[in-house]
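Only a predicted model underlies this, so the values are computations on that prediction, with no experimental measurement involved.
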Amino acid sequence: MGKTVLIVDDAAFMRMMIKDILSKNGYDVVGEAENGAVAVEKYKDLKPDLVTMDITMPDMDGIAAVREIKSFDAAAKIIMCSAMGQQAMVIDAIQAGAKDFIVKPFQPERVIEAVSKAID
C-alpha cells in the first residue's frame, strides 16, 4: 500500500489537481479538507503519512493548522502549497514546522519531488 496523504486546500479544483498527481504516482489520498480546522480534525482521525497544506484558507489558515497539528504530533510531515508572492508566509510555515513547500500552479515533478523527499 502506498503512503497516505491528506490534501488541504479551500479550492476543490486544487485538491483535485494534487490528488490526481499523487494518485498517478502511487500515493494513497486518504482524505481532503477545505480549511485548517477541518484538516486538524481529519489529521487526528486519519493519521496520514503526509499533509499538503494550502496557506491561505478561511476559518483557520495553513500556518495555524501546521502549528496545531505539530502541537499534538511533533513528527507530522507537512508540505505547504502557496501561490506566487507568499514568501513571507512560506517562511512562517517552515518555522511552524512545515517540511517543504510547492508553488501553484503545480508542476507534477516538483510535487512528487517534495512529497517523496518528505516521506520516503
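Grouping the Ile, Leu, Val, Met, Phe, Trp and Tyr side chains by contacts below 4.5 angstrom, directly or via other members, places M17 apart from V30. By the criterion of side-chain heavy atoms lying less than 4.5 angstrom apart, applied directly or through intervening Ile, Leu, Val, Met, Phe, Trp or Tyr residues, I55 is grouped together with L6 in one hydrophobic cluster. Both I21 and I7 sit in one connected hydrophobic cluster of ILVMFWY residues. Membership requires side-chain heavy atoms under 4.5 Å apart, directly or through other members. By the rule that hydrophobic residues join a cluster once side-chain heavy atoms approach within less than 4.5 Å of another member, V5 and V8 end up as members of separate clusters. Under the 4.5 Å side-chain heavy-atom criterion for grouping Ile, Leu, Val, Met, Phe, Trp and Tyr, L22 is connected to F13 within one hydrophobic cluster.
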Using a 3.5 Å cut-off and no angle test, enumerate the donor-acceptor pairs between side-chain atoms of residues 103-114 and protein atoms at least two apart in sequence or in another chain.
residue : atom : partner : partner atom : Å
K104    : NZ   : D9      : OD2          : 3.1
K104    : NZ   : D54     : OD1          : 3.0
R110    : NH2  : D100    : OD1          : 3.0
R110    : NH2  : D100    : OD2          : 3.3
R110    : NH2  : F101    : O            : 3.0

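When all heavy atoms of V38 and A33 are compared, the closest pair comes out as CG1-CB, 3.6 Å. Summarising the geometry of S23 relative to V29, their closest heavy-atom pair is OG-CG2, 4.1 Å, with the distance given to 0.1 Å. Summarising the geometry of A76 relative to I69, their closest heavy-atom pair is CB-CG2, 3.6 Å, with the distance given to 0.1 Å. The shortest non-hydrogen separation linking A65 to M53 is CB-CE, 3.6 Å.
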Check the pair V115, K3 against side chain to side chain contact (heavy atoms under 4.5 Å, CB included), reporting the backbone distance first and the verdict last. CA-CA 10 Å; V115 169; K3 299 276 188 179; over 6 Å; no

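Within the 4.5 Å cutoff, no side-chain heavy atoms of E68 are placed close to those of Y43. With contacts defined as side-chain heavy-atom distances shorter than 4.5 Å, the pair M89/I63 qualifies. The shortest distance between side-chain heavy atoms of E34 and R15 falls below 4.5 Å.
Taken to the nearest 0.5 Å, the CD1 atom of I119 stands 5.0 Å off from the OH atom of Y27. Interatomic distance, CZ of R67 versus CG of D92, reported as 6.5 Å (0.5 Å rounding). Atoms NZ and NZ, from K77 and K70 in turn, are 8.0 Å apart once rounded to the nearest 0.5 Å. The line from CD of E32 to NZ of K42 is 7.5 Å long, rounded to the nearest 0.5 Å.
No side-chain donor from either of T4 and D28 sits under 3.5 Å from a side-chain acceptor of the other.
Screening V66, I102, I94, T52 against M80 for a side-chain contact (heavy atoms from CB on, under 4.5 Å) leaves a single residue, V66.
For the side-chain hydrogen bond (donor to acceptor under 3.5 Å, both in side chains) test, residues two or more places apart in sequence or in another chain that qualify with N35 are D59.
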